[in-house]
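Since the model is a prediction, treat every value here as computed from it, not as a measurement.
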Amino acid sequence: MGKKLYKSHKKMICGVCAGIAEYFNIDPTIVRLITVILSLGGIGLGVVIYIIAAIIIPFPSIDE
């Protein structure tokens, strides 16, 4: 079975950035910085994307 995108329990707010970083095997700080840049430079685009992702992306189940 392939990789699945989940929120991380190593979270700062909702675990979205850390979950994306774990999925792509990169440093969570990079994903967080990209989110901040999109939020400040893209007329709040990063905030909207983050909220949507926080609603859609599930936490991993206990047995995974």
Side-chain angles (χ1 to χ4, degrees):
M1 194 174 220
K3 295 187 333 182
K4 291 187 178 183
L5 178 61
Y6 292 111
K7 292 180 194 175
S8 176
H9 291 290
K10 302 172 190 172
K11 60 185 177 180
M12 291 190 91
I13 299 176
C14 289
V16 173
C17 292
I20 291 171
E22 288 175 8
Y23 183 81
F24 289 109
N25 198 26
I26 58 176
D27 186 13
T29 305
I30 295 171
V31 179
R32 291 177 180 131
L33 285 173
I34 291 169
T35 303
V36 168
I37 291 169
L38 285 174
S39 297
L40 298 176
I43 312 168
L45 182 63
V47 174
V48 173
I49 292 171
Y50 190 91
I51 291 170
I52 292 169
I55 293 168
I56 294 173
I57 299 173
F59 276 109
S61 61
I62 295 171
D63 58 344
E64 291 184 32

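Rounding to the nearest 0.5 Å gives a distance of 10.0 Å between CD1 of Ile13 and CD1 of Ile51. Interatomic distance, Thr35 OG1 to Ile20 CD1, rounded to the nearest 0.5 Å: 6.5 Å. For the atom pair CG (Asp27) and SG (Cys17), the distance works out to 11.5 Å, reported to the nearest 0.5 Å.
In terms of heavy atoms, Lys7 sits closest to Ala53 at CE-O, 4.4 Å. Here the closest non-hydrogen pair linking Tyr50 and Gly15 is OH-N, 3.7 Å. The shortest non-hydrogen separation linking Ser8 to Ala18 is CB-CB, 3.5 Å.
If you run side-chain contact (heavy atoms from CB on, under 4.5 Å) between Ile34 and each of Ile37, Val36, Leu38, only Leu38 comes through.
Both Ile26 and Ile57 belong to a single network of hydrophobic side chains, linked directly or stepwise wherever heavy atoms of I, L, V, M, F, W or Y lie under 4.5 Å apart.
In this structure a side-chain-to-backbone donor-acceptor pair under 3.5 Å is missing from Tyr6 to Glu22. Lys3 places a side-chain N or O within 3.5 Å of a backbone atom of Tyr23 that can act as its donor or acceptor partner.
In this structure, Lys4 and Pro60 have side chains that are not in contact, with every pair of non-hydrogen atoms separated by 4.5 Å or more. By the 4.5 Å heavy-atom criterion applied to side chains, Phe24 and Val31 are not counted as neighbours.
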